[in-house]
Amino acid sequence: MQVEHNVSLQALNSFGIAARAAALVRVRGAEDVRAVLADPELGPQPKFVLGAGSNIVLRGDVRPVVLKVEARGRRILDGGARHMLVEAAAGESWHDLVCWMLAQGLYGLENLALIPGTVGAAPVQNIGAYGLELQDRFDSLDAIDLRTGKLFTLNAAQCGFGYRDSVFKHALAGQALILRVRLALPKAWQPVLGYQDLERKMQETGIARPSARQVFDWVVAIRRAKLPDPAQIGSAGSFFKNPTVTAEQCQDIIGRDPKMVHYPMPDGSFKLAAGWLIDACGWRGKRMGNAGVHERQALVLINAGGPEQPATGGEVMTLARAIQTSVYERFGIRLEPEPVLV
Ligand code: EPU
């Protein structure tokens, strides 16, 4: 085990916030975690698990011991008659896994192409895009208990998946490190269409029965057109969750703002597009200090100062609070941050 002290995290979080970690250990497997737990100095301290840092906001320096997950490897397992089972280590890049699976003829993840981050982070927030969520392709995961060093396995029900949510944001927050994730891909592949942007692609191209490769290419093109290129502009993806409201609340807002984007949910409630609400409050392209709102997607807060003058965590949170206030004042809706606030 090698402990790095006073480490800059600027290159280790996709927002590019210039915070530091008091101590950082690179974790390649369970043994590295056990070595940390057995260490007289590090063992008793709180731990913070870091993947690719693409869904976090560092509000300041990180005091807990940072466990940077670097476990690698992926393999195909026997998934029985109906599924293909793929196991990937937590430190693998999510998008590389999607590309590798496509190349192997393993279909079913294409809607989740180009989502930044690691395989291990995917279940934490139950990543989702274009009509598909991780939970739709999830089999199980292996994790290590950060108090006892014991390995354990969770199935989908035990992960408590919800919209951008799981047990790792609640009961197991700060208490477990995911080592491996197993995904189950149906052998009888069907494209997941129906999301507005994909429907538009079908109409534009005249392709009614796209291949997995075609869906992948569409998703990549849609994301590139809307979301900032992580290599150019720092961000943590969507900064707020899309809020859910009652039918009455939804009708009330539509009465005043007929164009508001809303989606009916199976339970009779309505999901609203937070990006639309923020955009309607005039925030798109705006800047406060070195933090800004992306000019093509108001749901994405960006590091507008670039690597030279990076936004501080405080600036990002000040902007986020200003947005929350104006959306609340105009629509009566409280937006909830989507990334993990560290
Ligand atoms: N909209 C605006 N103005 C904006 C942004 C959006 O009017 O500035 C409108 C769009 O025109 C559209 C609606 O709002 O009618 C929804 O926008 P979009 O389809 O871009 O999706 P989203 O709801 O903003 C969610 C996810 C994204 C995911 C996309 C596609 C959340 C918090 N975000 O965004 O996930 O890629 O759907 O499925 O659920 C992420 O979690 O980091 C993320 C990028």
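In each ligand, atom 1 is the first atom listed, and ligand 1 is the first ligand listed.
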Exercise for the section: Please report which non-hydrogen protein atom sits nearest to atom 5 (C) of ligand 1, along with the residue it belongs to and the distance in Å to one decimal place. Expected result: Gln297 OE1, 2.8 Å

Fill in the blank from the handout: With heavy atoms and a 4.0 Å threshold, my read on which part of Ser238 contacts ligand 1 is both

Problem - Salt-bridge contact Glu70-Arg28 (side-chain N to carboxylate O under 4.0 Å) - result: yes

Practice task
With Leu24 as reference, evaluate Leu12, Val65, Asn6 under the side chain to side chain contact (heavy atoms under 4.5 Å, CB included) test and give the passing residue.
Solution key: Leu12

Problem - More than 12 heavy atoms from other groups under 6.0 Å of CD on Gln158 - result: yes

Exercise for the section: Mark up the atoms of ligand 1 that fall under 4.0 Å of a heavy atom belonging to Ala129, in ascending order. Expected result: 36 (O), 38 (O)

Handout entry: NZ/NE/NH1/NH2 to OD/OE distance under 4.0 Å, Asp61 and Arg20
Key = no

Completion exercise
The closest protein heavy-atom partner of atom 20 (O) of ligand 1 is Lys226 NZ, 2.9 Å

Practice task
Find the distance between OH (Tyr163) and CD (Gln125) and round it off to the nearest 0.5 Å.
Solution key: 9.5 Å

Completion exercise
heavy-atom search around atom 38 (O) of ligand 1 in the protein gives Tyr130 N, 2.7 Å

Practice task
Classify the ring geometry between His95 and Phe216 as parallel (under 30°), tilted (30 to 60°) or perpendicular (over 60°).
Solution key: parallel

Completion exercise
Taking only non-hydrogen atoms of Tyr195 and a 4.0 Å limit, the atoms of ligand 1 in range are 18 (P), 19 (O), 21 (O), 29 (C), 30 (C), 37 (O), 38 (O)

Handout entry: Region of Arg164 that comes within reach of ligand 1 [heavy atoms, distance under 4.0 Å]
Key = side chain

Exercise for the section: May I ask you to list the atoms of ligand 1 that are less than 4.0 angstrom from any heavy atom of Ala273? Expected result: 13 (C), 14 (O), 16 (C)

Fill in the blank from the handout: atom 34 (O) of ligand 1: closest protein heavy atom, distance to 0.1 Å, is Leu299 CD2, 4.0 Å

Exercise for the section: Would you confirm whether Asn126, through its side chain, and Ser166, through its main-chain N or O, come within 3.5 Å as a donor-acceptor pair? Expected result: no

Practice task
Please check if any side-chain donor atom of Arg147 sits under 3.5 Å from a side-chain acceptor atom of Gln175, or the reverse.
Solution key: yes

Problem - Atoms of ligand 1 close to Tyr163 [distance to a heavy atom under 4.0 angstrom, numbered from 1] - result: 31 (C), 32 (C), 39 (O)

Practice task
Give a yes/no verdict on whether any heavy atom in Arg223 is under 4.0 Å from an atom of ligand 1.
Solution key: yes

Problem - Protein non-hydrogen atom below 4.0 angstrom of atom 11 (O) of ligand 1 present - result: no

Exercise for the section: Any atoms of ligand 1 less than 4.0 Å from a non-hydrogen atom of Gly237? List them with their elements. Expected result: 42 (O)

Practice task
Heavy-atom contacts with Ala298 under 4.0 Å: which atoms of ligand 1 show up? List them by number with element.
Solution key: 4 (C), 5 (C), 8 (O)

Exercise for the section: For the pair Arg74 and Asp96, find out whether any cationic side-chain nitrogen is under 4.0 Å from an anionic carboxylate oxygen. Expected result: no

Exercise for the section: Output yes when Asp252 and Arg256 qualify as a salt bridge under the 4.0 Å nitrogen-oxygen rule, no when they do not. Expected result: yes

Handout entry: Carboxylate-amine/guanidinium proximity below 4.0 Å for Glu295 and Arg284
Key = no

Exercise for the section: Give the numbers and elements of all ligand 1 atoms closer than 4.0 Å to a heavy atom of Tyr263. Expected result: 13 (C), 16 (C)

Practice task
Could you tell me whether atom 2 (C) of ligand 1 has a protein heavy atom closer than 4.0 Å?
Solution key: yes

Completion exercise
Counting from 1 in the order shown, the ligand 1 atoms closer than 4.0 Å to a non-hydrogen atom of Asn242 are 23 (O), 31 (C), 39 (O)

Handout entry: Protein heavy-atom partner closest to atom 9 (C) of ligand 1 - residue, atom, separation in Å
Key = Trp276 CB, 4.1 Å

